[in-house]
**Q** 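Input: one structure, supplied below.
Chain letters run A, B, ... following the sequence lines, proteins first, then strands; residues in each count from 1.
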2 protein chains.
Amino acid sequence: MNELEKYIQTYFGVDKDDLTKISSFFYPITLKKGDYFLKKGMYADRLGFVQSGILREFVFVEDREVTKWISTKGYFVVDLSSFVFQQTARWNIQALTDCELYVIDRKDYQKIGQVIPRWTELEKLFIAKCFTVLEDRVLQHLSMTAEERYLQLFNFNRELFNLVPLQYLASMLGMTPETLSRLRKKMVN
Amino acid sequence: MNELEKYIQTYFGVDKDDLTKISSFFYPITLKKGDYFLKKGMYADRLGFVQSGILREFVFVEDREVTKWISTKGYFVVDLSSFVFQQTARWNIQALTDCELYVIDRKDYQKIGQVIPRWTELEKLFIAKCFTVLEDRVLQHLSMTAEERYLQLFNFNRELFNLVPLQYLASMLGMTPETLSRLRKKMVN
DNA sequence: TAAACTTCTTGATTTTTGTCAAGAGCAAGC
DNA sequence: GCTTGCTCTTGACAAAAATCAAGAAGTTTA
C-alpha cells in the first residue's frame with residue numbers, strides 16, 4: 001500500500017477494495033524545482049497528492065508574493081475554488097523542490113462517486129475539516145502576535161524551518177522576513 | 001415563500017417541492033439580546049438561520065473575547081466542527097440584539113439527504129464556498145494593514161458599523177477598539 | 001430624573017512591526 | 001576557483017498598532 005492509499009484510508013476510512021479503485025485513478029508525475037503545478041488564472045483540472053518534495057501556494061498582491069500555505073508529503077495540492085466550482089484559479093502552486101506527486105484528473109475524480117456511494121459524504125467531511133483548520137488560522141491572526149504565531153508554527157512543525165526558505169514561512173505567518181529573522185535570533189538567546 | 005426558502009433556493013438551487021420539504025424541518029425560535037444560541041464546550045445539535053437580529057461568534061482567549069464573525073439576516077449560525085463531527089463546540093454564539101431564527105435539529109437535518117438525494121453534494125458545495133471565504137480572510141491578514149482591512153469591511157458592509165458595537169467589529173478585524181476608533185476618525189477628516 | 005453602565009474617543013506613551021540599506025554566508029554554474 | 005545569485009541577518013530608523021488612563025457621550029435601570 002502506498003502513501004496515498006494509507007492517507008485515504010486514514011482520513012476517509014475507505015476499505016481496501018475501494019482504496020484500490022480510487023488509487024487506480026491517480027497517476028504519478030514529477031515536478032522540477034520551480035515548476036508550477038497550477039497558475040493563477042488557469043483552471044484546476046487536476047488534484048495532486050504530495051508523495052515527496054515541497055510546494056507552496058501563493059499569490060501576488062501588488063507585486064508582492066504572499067504565501068498562503070506550504071504543502072509537504074501527505075498533503076493534497078489543489079485550488080479548491082477552481083477544482084470544485086470550475087472558476088479560474090486564485091492561487092499559484094509552485095514546486096520549491098523537486099517533487100513526486102500522484103495526480104487525478106478532474107473527470108476521473110468525478111467518477112469516484114460512482115465507485116464509492118459514500119464519497120460525496122467523505123468529501124464533505126474532508127472539506128469541513130479543512131474549514132476548521134482555516135478557522136483556527138483566522139483566530140490566530142485575531143488573537144496572536146507575530147512572535148506567538150512563529151512559536152506556534154515552530155513547535156508544531158520544527159523541521160519546516162530547515163526545509164523551506166524562511167522568507168516564505170515569514171509570509172505565511174503574516175510578517176516580514178526581517179521580523180522572522182529577529183524572532184528567531186531572540187529565541188536562540 | 002419565506003426568507004429561509006428564498007435563501008436555500010438561491011444558494012442551493014433546490015426546486016419548489018423540495019424547498020417546502022426542507023423548510024418544514026425548521027421551526028422558529030426567538031432569542032433575547034444577550035442569550036446564547038450555543039456555548040463553547042456544548043454540542044451543536046441544531047443549525048440556525050437568521051431571520052432577523054444580529055449574533056456574534058466569539059471565544060475567550062486568555063480572558064479576552066475574540067470575535068470571529070458577526071451574523072446578520074440571511075446567515076446560518078452553527079459551529080460547523082461541532083455540528084458535523086459531534087465534537088464540543090469551539091465557539092460561543094450570542095445574540096447581540098433580539099433575534100428571530102429558524103432552527104433545524106441535527107437529527108432532522110440528517111433526514112434532508114433522504115428527501116433530496118443531491119443534498120450531500122449541495123452541502124459539500126456550500127462548505128467549499130465557506131472555505132474560500134475563509135481563504136480570503138486569511139489572505140487579508142497576510143497582506144493588508146489594519147486600515148486596509150477596516151476599509152474593506154466598511155465598503156463591503158457599511159451598515160454593520162451602525163448596528164454592532166464597534167469593539168466587536170474591531171476584534172473581528174484583528175485590531176483594538178482604540179485603533180478602529182482612530183481609523184474611523186482619520187477617514188472622516 | 002439621577003445613577004450606573006456601557007461604549008466610544010482621545011491623549012500620552014510604549015511596544016511591535018515594517019522599511020530601507022548594507023553586508024555576510026552559501027550554493028550553483030561557468 | 002571565481003563569479004553570480006539568492007537568502008538571511010543586522011542596524012538604523014519610521015510607521016503602525018497596542019496599552020494605559022481618563023473622560024465624554026449615550027443608554028439602561030432604578
Side-chain angles (χ1 to χ4, degrees), chain A residues 32-35 53-54 56 58 61-67 70 94-98 138-154 158-189, chain B residues 32-35 53-54 56 58 61-67 70 94-98 138-154 158-189:
Chain A
K32 288 281 170 202
K33 177 175 176 174
D35 285 353
I54 305 177
R56 93 187 154 110
F58 73 100
V61 179
E62 294 162 7
D63 294 343
R64 229 179 58 224
E65 287 184 2
V66 178
T67 296
I70 306 276
Q94 185 185 28
L96 286 183
T97 64
D98 291 354
V138 169
L139 182 64
Q140 282 165 29
H141 282 281
L142 297 184
S143 65
M144 291 164 76
T145 62
E147 179 171 334
E148 290 167 331
R149 294 197 301 277
Y150 159 67
L151 283 174
Q152 166 134 336
L153 181 62
F154 185 69
R158 202 162 291 226
E159 62 271 28
L160 214 53
F161 289 79
N162 296 320
L163 299 174
V164 176
L166 296 176
Q167 55 180 317
Y168 301 136
L169 294 180
S171 176
M172 192 175 107
L173 286 166
M175 65 187 77
T176 60
E178 292 93 333
T179 296
L180 178 58
S181 177
R182 291 188 177 104
L183 289 173
R184 278 160 50 84
K185 188 181 178 187
K186 184 175 167 189
M187 296 307 149
V188 173
N189 298 346
Chain B
K32 288 280 171 204
K33 178 176 175 173
D35 286 352
I54 304 175
R56 91 186 154 111
F58 73 98
V61 178
E62 293 162 9
D63 295 343
R64 228 179 57 216
E65 288 182 1
V66 179
T67 297
I70 307 276
Q94 186 185 28
L96 286 183
T97 65
D98 292 354
V138 169
L139 182 64
Q140 282 166 30
H141 283 281
L142 297 183
S143 64
M144 291 163 78
T145 63
E147 180 171 332
E148 291 167 329
R149 294 197 301 277
Y150 160 66
L151 284 174
Q152 166 135 335
L153 181 61
F154 185 70
R158 204 163 289 227
E159 61 270 29
L160 215 52
F161 289 79
N162 296 319
L163 299 174
V164 177
L166 296 175
Q167 56 182 315
Y168 302 135
L169 293 180
S171 177
M172 194 176 106
L173 286 166
M175 65 187 77
T176 59
E178 293 93 333
T179 296
L180 178 57
S181 176
R182 292 190 177 102
L183 288 174
R184 278 160 51 84
K185 187 182 178 185
K186 185 177 166 189
M187 294 309 147
V188 172
N189 299 348

**Q** Ignoring hydrogens and angles, write down the donor-acceptor pairs under 3.5 Å from the side chains of residues 165-178 of chain A, residues two or more places apart or on other chains.
**A**
unit_1, atom_1, unit_2, atom_2, d
S171(A), OG, T67(A), N, 2.8
T176(A), OG1, T179(A), N, 3.2
T176(A), OG1, T179(A), OG1, 3.0

**Q** If we fit an axis to the first five pairs and another to the last five of the helix from dT1(C)-dA30(D) to dC30(C)-dG1(D), what angle do they make, to the nearest 10°?
**A** 40°
**Q** Could you tell me the separation between the CE atom of M187(A) and the C1' atom of dC8(D), rounded to a whole number of Å?
**A** 18 Å
**Q** Tell me what P177(B) touches on the nucleic acid: a base, only sugar-phosphate, or nothing, going by heavy atoms under 4.0 Å.
**A** nothing
**Q** Rounding to a whole Å, what distance do you find between E148(A):CD and dT17(C):P?
**A** 9 Å
**Q** To the nearest 0.5 Å, how far apart are CD1 in I70(B) and CG in L163(B)?
**A** 10.0 Å
**Q** Taking the side chain as C-beta and beyond, is there a heavy-atom pair between R149(B) and H141(B) under 4.5 Å?
**A** yes
**Q** Starting from P on dT7(D), measure out to CG on N162(A) and report it in whole angstrom.
**A** 16 Å
**Q** Out of curiosity, I54(B) CD1 to L160(B) CG, how far, rounded to the nearest 0.5 Å?
**A** 6.5 Å
**Q** Is a salt bridge present between E65(A) and R56(A), judged by a nitrogen-to-oxygen distance below 4.0 Å?
**A** yes
**Q** Send over the distance from K32(A) NZ to dA28(C) P, rounded to a whole Å.
**A** 14 Å
**Q** For dT9(C), does OP1 or OP2 lie under 4.0 Å from any side-chain N or O of K185(B)?
**A** no
**Q** To the nearest 0.5 angstrom, please state how far the CD atom of E147(A) sits from the CZ atom of R184(A).
**A** 14.0 Å
**Q** Grab the two heavy atoms, one from K32(B) and one from A95(B), that are nearest each other, plus how far apart they are.
**A** O-CB, 3.7 Å
**Q** Tell me the interatomic distance from Y150(B), atom OH, to dC8(C), atom P, rounded to whole angstroms.
**A** 13 Å
**Q** Should M187(B) and Y150(B) count as side-chain neighbours, where that means a heavy-atom distance under 4.5 Å?
**A** yes
**Q** Mark up nucleotides 13-29 of chain D, 5' to 3', with B wherever a protein heavy atom is under 4.0 angstrom from a base atom, S wherever such an atom reaches only the sugar-phosphate, and - elsewhere.
**A** ----SSBB---------
**Q** Send over the distance from L96(A) CG to dT7(D) C1', rounded to a whole Å.
**A** 13 Å
**Q** May I have the distance from Q167(B) (atom CD) to dC8(C) (atom C1'), rounded to whole angstrom?
**A** 9 Å
**Q** Starting from C1' on dT7(C), measure out to OH on Y168(B) and report it in whole angstrom.
**A** 9 Å
**Q** When rounded to the nearest 0.5 angstrom, what is the spacing between CG in L142(B) and CZ in F58(A)?
**A** 14.0 Å
